[in-house]
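I have placed the structure first, in the form of structure tokens, so that the comments after it can refer back to it.
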Protein chains: 2
Amino acid sequence: MRIGETATAAGMTAKTLRFYEDRGLLPAADRAPNGYRDYPHETVSRLEFIRRGRTAGLTLAQIGDILSVRDIGQAPCVHVRDLLAKQLRDLDAQIAELTALRATVAEFHDAAAAGDPASCDPERICSYL
Amino acid sequence: MRIGETATAAGMTAKTLRFYEDRGLLPAADRAPNGYRDYPHETVSRLEFIRRGRTAGLTLAQIGDILSVRDIGQAPCVHVRDLLAKQLRDLDAQIAELTALRATVAEFHDAAAAGDPASCDPERICSYL
DNA sequence: CTTGACCTTCCAGTTTAGTGGAAGGTCAAG
DNA sequence: CTTGACCTTCCACTAAACTGGAAGGTCAAG
């Protein structure tokens with residue numbers, strides 16, 4: 001697959017793929033005789049993984065850490081495990097924060113949706129903060 | 001409360017509070033006769049709300065939208081409700097992404113934690129991607 | 001009455017994650 | 001044999017969210 005096709009399949013631009021290659025999140029692709037990058041189909045799912053991580057608010061560095069498990073191989077397993085355990089703890093904390101936030105926003109929303117005229121009062125809404 | 005005390009209570013720096021004021025996330029504080037900002041105690045919880053949102057991966061603009069409910073008051077309730085409904089949809093999408101990501105990372109981790117020596121093989125781990 | 005820890009404004013620099021555009025090569029189709 | 005849609009590199013620019021530092025004011029304590 002060429003870069004544009006791969007990028008489109010993953011919902012990104014070709015520019016972004018080159019940028020990810022530069023940052024080491026994407027291994028340097030094979031080149032066709034004309035110099036064009038030639039990606040295997042699996043690259044799409046790797047990119048989707050990166051995109052999910054980004055949407056979830058992870059930095060490229062964090063995503064790179066997770067992906068680098070692939071390249072660590074030589075290192076003792078304990079390093080891999082520790083890295084992943086830390087990522088899990090971070091993700092759990094982040095999910096907890098988001099869930100708490102969602103609950104707060106839902107409270108605002110329900111008050112507004114109840115049609116309760118008082119819910120339009122900025123002071124009352126503010127008290128939820 | 002002065003700016004440094006308020007910032008410390010919320011786990012931030014005074015610089016960040018001035019920055020938030022500049023961005024409209026924090027209303028301009030009252031000033032003491034000497035020109036120092038004087039914050040009410042509630043500012044700490046407002047800042048904690050902002051910090052939770054940031055930790056959860058929201059942008060300051062999104063957090064500002066949520067907080068601006070406070071200032072909308074005059075506007076018809078439907079605007080408030082739509083804004084909050086959109087925030088809820090965004091939060092749900094983000095929580096779903098994070099949860100999916102967590103599941104993937106947990107798979108890696110369990111494979112590594114099983115003590116399965118094969119889990120050290122980069123090719124095998126890679127297959128999860 | 002000076003020292004130190006605060007505070008003020010303003011302006012510039014940093015990091016992250018891209019995006020835009022120039023200058024040019026490739027290639028199938030008309 | 002020339003468009004047009006791709007691709008290449010390289011360099012500069014953007015936006016978001018701070019962060020640092022200069023230059024100076026305030027004030028309680030020694």
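Residue numbers start from 1 in every chain, and the chains themselves are labelled A, B, ... in the order their sequence lines are given, proteins ahead of strands. These numbers were taken from a predicted model, which means no experiment stands behind them.
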(request) Take the protein atom CG of A:Leu47 and the nucleotide atom P of C:dA17, then report the distance between them rounded to whole Å. (result) 15 Å

(message) OP1 or OP2 of D:dC18 versus the side-chain N and O atoms of B:Arg54: is any pair under 4.0 Å?
(response) yes

(message) Tell me which nucleotide, if any, is Watson-Crick or G-U wobble paired with C:dG13 when both distances must be under 3.5 Å.
(response) D:dC18

(message) Does the protein touch nucleotides 5-11 of chain D at the base, only the backbone, or not at all? Give it as B, S and - per nucleotide, heavy atoms under 4.0 Å.
(response) -BSBBB-

(request) Would you name the heavy atoms of B:Met1 and B:Ala9 that are closest together and state the gap between them? (result) CE-CB, 4.4 Å

(message) So B:Ile63 and B:Arg54, do their side chains get closer than 4.5 Å, heavy atoms only?
(response) yes

(message) Whole angstroms only, please: what is the CZ-C1' distance between B:Arg51 and D:dC18?
(response) 16 Å

(request) Establish, with yes or no, whether the OP1 or OP2 oxygen of C:dA17 is under 4.0 angstrom from a side-chain nitrogen or oxygen of A:Tyr20. (result) no

(request) For B:Leu58 and D:dC18, give me the distance from atom CG to atom P, rounded to whole Å. (result) 12 Å

(request) Please name the pair of heavy atoms, one in B:Ile3 and one in B:Ala14, separated by the smallest distance, quoted to 0.1 Å. (result) CD1-O, 3.6 Å

Output a table of donor-acceptor pairs, distance under 3.5 Å, between side-chain atoms of residues 87-101 of chain A and any protein atom two or more places apart or on a different chain; print 'none' if there are none.
| from | atom 1 | to | atom 2 | distance (Å) |
| --- | --- | --- | --- | --- |
| A:Asp90 | OD2 | A:Lys86 | NZ | 2.8 |
| A:Asp92 | OD1 | B:Arg102 | NH1 | 2.6 |
| A:Asp92 | OD2 | B:Arg102 | NH1 | 2.7 |
| A:Gln94 | NE2 | A:Ala56 | O | 3.0 |
| A:Thr99 | OG1 | A:Ile95 | O | 2.7 |

(request) Rounded to the nearest angstrom, tell me the gap between atom CZ in B:Arg23 and atom C1' in D:dT19. (result) 13 Å

(request) Would you mind pulling out the nucleotide paired to C:dG18, Watson-Crick or G-U wobble, both distances under 3.5 Å? (result) D:dC13

(message) For C:dA17 and A:Thr16 - does any side-chain N or O of the residue sit under 4.0 Å from the phosphate oxygens OP1/OP2?
(response) no

(message) Using side-chain heavy atoms (C-beta onward) and a distance below 4.5 Å, is A:His41 in contact with A:Thr6?
(response) no

Cut-off 3.5 Å, no hydrogens considered: what does the side-chain donor-acceptor table look like for residues 19-33 of chain B, sequence neighbours left out?
| from | atom 1 | to | atom 2 | distance (Å) |
| --- | --- | --- | --- | --- |
| B:Glu21 | OE1 | B:Arg37 | NE | 2.9 |
| B:Arg31 | NH1 | B:Gly35 | O | 2.8 |

(request) Write down the distance between CG (A:Asp65) and P (C:dT16), rounded to a whole number of angstrom. (result) 12 Å

(request) Could you check if a side-chain atom of A:Asp38 sits within less than 4.5 angstrom of a side-chain atom of A:Arg2, using non-hydrogen atoms only? (result) no

(request) Take atom CZ of A:Phe19 and atom C1' of C:dG20, then tell me their distance rounded to the nearest Å. (result) 14 Å

(request) Write down the distance between CG (B:Asp38) and P (D:dC27), rounded to a whole number of angstrom. (result) 13 Å

(request) If D:dT26 has a Watson-Crick or G-U wobble mate with both distances under 3.5 Å, name it; if not, just say none. (result) C:dA5

(message) Would you say B:Thr13 places a side-chain N or O within less than 4.0 Å of OP1 or OP2 belonging to D:dC18?
(response) no

